[in-house]
Each structure stands twice: as C-alpha cells, then as structure tokens.
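Order of the sequence lines fixes the chain letters, A, B, ..., with proteins taken first and strands second; residue numbering starts at 1 for each chain.
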Protein chains: 2
Amino acid sequence: MASAPSDALRRRHDNVRAALTGASLDALVVTSLPNILYLTNFAGSAAIVVLDRERIRFLTDSRYVAAIADTRGKPYECPDLEMTVVAGSYDVRLAEALGPYRAARVGFESAHLSVARYNWLARTLTADGAPNPLAPTEGVVEEARVRKDAYEVSVLREAGHRLSAVASSVYSLVRAGRSERDVAADIDWHLRRAGFQRPAFETIVGSGPHAALPHARPSGRIIGEGDLVVLDFGGVHGSYCVDLTRTVAVGKPSDRARQVHEAVRQAQARAIAAIRPGVSRFDIDAAARSALAEQGMAEAFGHGTGHGLGIEVHEDPRVVQRRPGVDTRHEAVDTGMVFTVEPGAYFPGWGGARIEDDVVVTDQGAELLTMVTNELLEL
Amino acid sequence: MASAPSDALRRRHDNVRAALTGASLDALVVTSLPNILYLTNFAGSAAIVVLDRERIRFLTDSRYVAAIADTRGKPYECPDLEMTVVAGSYDVRLAEALGPYRAARVGFESAHLSVARYNWLARTLTADGAPNPLAPTEGVVEEARVRKDAYEVSVLREAGHRLSAVASSVYSLVRAGRSERDVAADIDWHLRRAGFQRPAFETIVGSGPHAALPHARPSGRIIGEGDLVVLDFGGVHGSYCVDLTRTVAVGKPSDRARQVHEAVRQAQARAIAAIRPGVSRFDIDAAARSALAEQGMAEAFGHGTGHGLGIEVHEDPRVVQRRPGVDTRHEAVDTGMVFTVEPGAYFPGWGGARIEDDVVVTDQGAELLTMVTNELLEL
C-alpha cells in the first residue's frame, strides 16, 4: 500500500492547523474517512481523528491496531499520532477523548457527522452543565485537499499511466455479439490485473441507444454492428482515483457517428487548451461547450465538463457551467489541482459519445495523466 | 432490474405509516438511499422521499426522470408517487416540498442527515418565524426492513443460488503460485458473469498467515503449498446482497489445519441448528462460540457470528455476543429475517479459517440460501 511520506503529512497537518487558528478553534474532530486518510495514511474502514495544535489523537478498533503499530519508525509514519483503541462504541471513546477540551472550542465536520451522532455527543459533553465545546465547520480538510502535493501527483501519474494501459487492452473486448455486461466484467478484471485495488466506480458500458445515457449501467444488451459504445471506467491505486472514457465504433460508423465523436473530441481539446493557473473553471467548461455549440450540439451536452479527482472520485474543483446558485469557491484553477475533462454529446434514442481524460494543472497548463488515442477506433 | 411488486411496496408504506402514527408524526423525510429503494424500487444515486399519510413525494434529478416515468402502469410501479424534478439543489427543493407541512410534525432520519444539511433546512423553514416542524427519528424504515417480505426472500434465494454456483467455479482458481490479488480478480469476474450487478464488498482472499486477518485485503502474496486460503465474497443481485465464505487447503493440509477447519465447521453447524423463531440472536452466537470453546479455540474467534443481509450487506439483526452496552433491539429472531452465519478461528502468524452461509428464518428453523460443500477441499 503506497503511503504519503511523514513530511507530507506534517505539511498537511500544518495547513489544517493554520485554518483552525484562523477560525479560533483549538481542535478539529475529523469523522470523514477520506479526510482521515489524507491526514494519517489510514486506509481502513473505521477511525476518528482529533487534531489539535500538537498532536493527532487517533481512535480505531482492534482490527487496525497492528497495521498502525507497524508504521512506527517507517518513512511514512504519521507524526505526533497518539492511538486510542476503541473496544465498544466509537462515540463513547470520542466523548472521553474530548474531555480535556471541554473549556475549548472544538470544530467538527458538519457535513460528515449525522444529527443523531452530534446530538448524542453534545448531550454527553454537556450532561454536567458544562458549555458545549462543539462548533460546526465545513470543508476545512477538503480545502487543503484541493491542491495535490508532490506525493499525490506522483501517485496520480502512476495511476493514470496504468489506466491508459488498461484502455489499450480493453478495446479488443468490444465486438458485435457480446453483451455490455460481459464487456464490463472483462474491464474490471483488467483493472484488477493492472494492480488497481478496485474499480473507482461501477464501470459504464453503453452501446447503441444506451450511449445516450451518461450513467448507463451495463445491461444484457448485445452490442451490434454500427454501434457507438461508451466505455467509462476508473481505478483506485494507492488510495487515489483516476477515471477515463473512450467511445469506440463497432464496425463502420455512420457519418453522423463520426461527426458527433469529432465534435466531442474538439470540445475536449478546446477545454484542455484553456487550462492554466488562474483561469476560471467556469471558463474551462464554457470552452468545451462553445465547441459543441458551433456544431449545433449545445443542447446535447447536459452535464458538467469535469470533476476533481483524488482520494474521492468526485471532489473539488467542479468544472461546470456558471449558473445562479452554483458554489463559486475555488473559481480559479491552480497548480496541483487534478480533474477530469469529459465533454459528451447525447441524443436520446440514437446514442452518443463522451471522451474523458485526467489532467493536473502545472505552471505550463494542463499535464495529461491519461494518454491513449482519442480518435474514433473502428473495432 | 428486478423490482418489488406494487402490492409489496404498499404494505411497506403502510408499515411505515403505522409507525409514524405511533410517533405522532404527519410525515417522514427519507434521505437514506437504501430506505428509499425499499419504499419505491428506486436504485439510483440521488433522491429524497417525503412519505405522508396519503402519498410519496419523490424528489430526483433529470438523470432519473425517464426511468421513473417508465414504471407507470407497470406491476412494480410505486403507488401514490408524485415526482418533483430537482434542477439545482436537492435541499432547496426539499424545503419547498415541506412548505405544506409547516404546521405539522415531520420526522427526519437523524442517522442519515448531516448536521450541515439539517441546520440549513431548519434555518430555512423557520426563517419567517414559523416553528421548526422537524423531529428526529431513528430506524423507522430499518425497523420494517428487518423482516423480509415474500418478494425479498425470493430475490435472496435466487441470489444465494447464484452465489453458490460461483463458489463451485472459483475453487479451480486457487492454486500454488498464484497471487491473492489474481484470484480475487477472477472471483469478481465470475460474480459479474453470474449476473451479479457488482461485488457486495471488496472480495477477501487471505492465504497462509493472511488467513488470520478477518478483513484481509488481497495482496501480492503468492499462495503456497499447504496454505489454508480464506475466500470471502458476495454479490448484489436485484439490489440485494448475499455473502459466502469458504476456506480451502492448497495441497495437503496439516493436522492442525484440518482441526481448525473442522472446529469452525462444527461451530457453524451448531449455530445454524439453534436458529428458530423466538430464539435470541445472542444465543445463536453463543452456540457457535461454545463449539469453538470445546476445542480450546474460544479466544481465536474475535468477531460476531453473523450480520443481517438485504439492501445493505451489513444490517440488522446482528448475531453477536451479549455484552454490556450492546443494542438489545430485535433480540429474538423471527421469520423472514435473513443473516449470515460465519464463525471463524484465527491464529496470528499461523493462519485461520472461516465458513459462512446465509440463512432465512422460517417456521421450521433456518433455510440455507447458500449451498455448497463446506468440507475442507484440498486443491
């Protein structure tokens, strides 16, 4: 399992601590597992972190104690970590761990704590008449996660490289007479054989009219001659997600199919060309959209141009249309941001096309993390 | 996609409505996707339901509108469903949908709503000085889900049948010289080919010393002669989860390996024999534990004997040890409950064994949903 070096973890802690100081908080209770992984390298399924000015209190259960202990003295050990082993309820141990902070202000992740857990915790901490130390926060760790550090970029590069290799080998699986479901099973097998821990999401194989559905679930539909087939798959490598889409033709594509594919290809190229530090993510989306509009396909592109990638397969920044009510934080993209560029054009009943690659923003513009031909392959 | 018949949905609604009446609530906001699926057949990734005395207000976005409309007039149409299409924010539309209930008491699922969303909603509904209509509830729909109806049992039977067939075909994949990761990739491929929508969880292949880790992630370890190998995998069929574990020997097992495997096998048999309506789930767990204790392996069995299966792969009832602080709801198992029976024995550094099958409780006792030999196979 790849893990971030201790220095990188320490810088992440410092960034979060600076945000806590800015918000006049003495500590932060972290309940989001992706955020915990970011701060500690912990990739298990149950833990809580309390990060204060000096240390990381780490609550986990017996299943994971040995794995944490094994990191002691290693170059990827989490600095200043103090472990608490949870035998029964995590929340009971968390309330105990918060004892020393009862005169302090302790942030919690309001998007990652349920009302039920919060109410129990607040009730327990104030049972003796003490004031409630808990203060809601939003996106403190996510704010740090949006720009990837050097370690993260290196893992994402390797993951993108592997995913591109998988793409090259899955083309041979798509042919007339096979079902979407069988092709999807084979893609997942190739992902695993390429060393991915798991698919990053449910693999999409949309053929013929199903190619018009951006989130098509692979069905029993038999792929036919002349179909466009959208293949959208991703993998998790070293806890980081990458995501790639290609649209291929089975047999000879119609003129219309060529036209749609080429329009999407141009839209993607224009969006990628627009990427550089300081550019608005809304303008990157607009670049893709303008290329499709010139081909009379503005209406055919109903989703956003891209989404951030990292520990989660959908994270900030969102490369979407500027619209009233859309969150405008992180409007300008910056070096170290990693996201997909995936325009598409969809025509209900007929079919569609989508092309997706992953990029990291550098001083020079967009560096592609995935690289495999995006011309219309005829299989 | 398999779907529950309209009559079954109506009975589920009636059960939940009776619970609302009992709690003096006029409506329930359902934000848990498994609960939404249970009430409506909706298997997508975004929706909110407001269930009141007469109807189901169903909020979803444009991606899913066509799929819902397609169910009209079908035998699995959700009764009394009124659709609201969400263009921007789900919570904005939910606040609007709750307008008519502002003088009422509206339950929400406190375990499935974050503090951030709750706070926004409460603030919005009370902005004009109106009283807050929202009241926390816990486990209202889950309470109905714990006993499966006839439709659910039929889907789980079919899923168990398919999973047993997968088990038979994966034995040939396990041999000395292959890595755990390669075997896991092949198991997942067989799951997909057997018609499962996806694996129900990350497939476990634990060989040699890794067999001592109940949640072993498949690694690059090469399986060797004499290893015990724990294979634990599950699939989602028609939105329902099944789960199966077998432990096999590669080459000739040692006497110790035979002994451990046989003790686990006896523990499972004793637990299954104890199952009938009215029996305490703690006593089912104790039955498995007593068999291992007789072989001096009490300490080697560190986890619970089983967990409920359904729309989620871990749900009630929990077949665990009676201990202070353990939730005692649903202590007696009842007809229609579906759960795993999966004792194990683990010896750090040496290895271990686990055997798992799925059962449904009937008037006669336990009906096995999975059926494949549980003798120690030598591969």
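- In terms of heavy-atom pairs under 4.5 Å with chain A, the best-connected choice from B/S62, B/P136, B/S45, B/A184 is B/A184.
- Scanning for side chain to side chain contact (heavy atoms under 4.5 Å, CB included) contacts around B/I204 gives B/A216, B/D232, B/R354, with sequence neighbours left out.
- For B/R322, the side chain to side chain contact (heavy atoms under 4.5 Å, CB included) partners are B/S280, B/F282, B/D283, B/E331, not counting sequence neighbours.
- Remark: the backbone N or O of B/V313 is paired with a side-chain donor or acceptor of B/H307 at under 3.5 angstrom.
- Taking B/R181, B/R63, B/H190 one by one and counting their heavy-atom pairs under 4.5 Å with chain A, the maximum is reached by B/R63.
- Most heavy-atom pairs under 4.5 Å with chain A, from the set B/T203, B/L191, B/D188: that is B/D188.
- In terms of heavy-atom pairs under 4.5 angstrom with chain B, the leader among A/R198, A/R193, A/H303 is A/R193.
- Using a distance-only test at 3.5 Å, with no hydrogens or angles considered, no donor-acceptor pair links the side chain of B/T31 to the main chain of B/I48.
- Between chain A and the options B/S219, B/G220, B/A111, heavy-atom pairs under 4.5 Å are most frequent for B/A111.
- Side chains of A/S32 and A/E109: no donor on one and acceptor on the other come within 3.5 Å.
- With a 4.5 angstrom heavy-atom cutoff, A/P214 does not touch chain B via any of its atoms.
- Panel note: side chain B/R93, backbone B/V86; no donor-acceptor pair is recorded below 3.5 Å.
- In terms of heavy-atom pairs under 4.5 angstrom with chain A, the leader among B/R117, B/E138, B/R323, B/E202 is B/E202.
- Proximity to chain A (any heavy atom under 4.5 Å) is shown, for B/A66, by neither the backbone nor the side chain.
- Under the 3.5 Å distance criterion, with hydrogens and angles disregarded, a donor-acceptor pair is assigned to the side chains of A/H210 and A/E180.
- For the set B/D186, B/V92, B/N119, the entry with the most heavy-atom pairs within less than 4.5 Å of chain A is B/D186.
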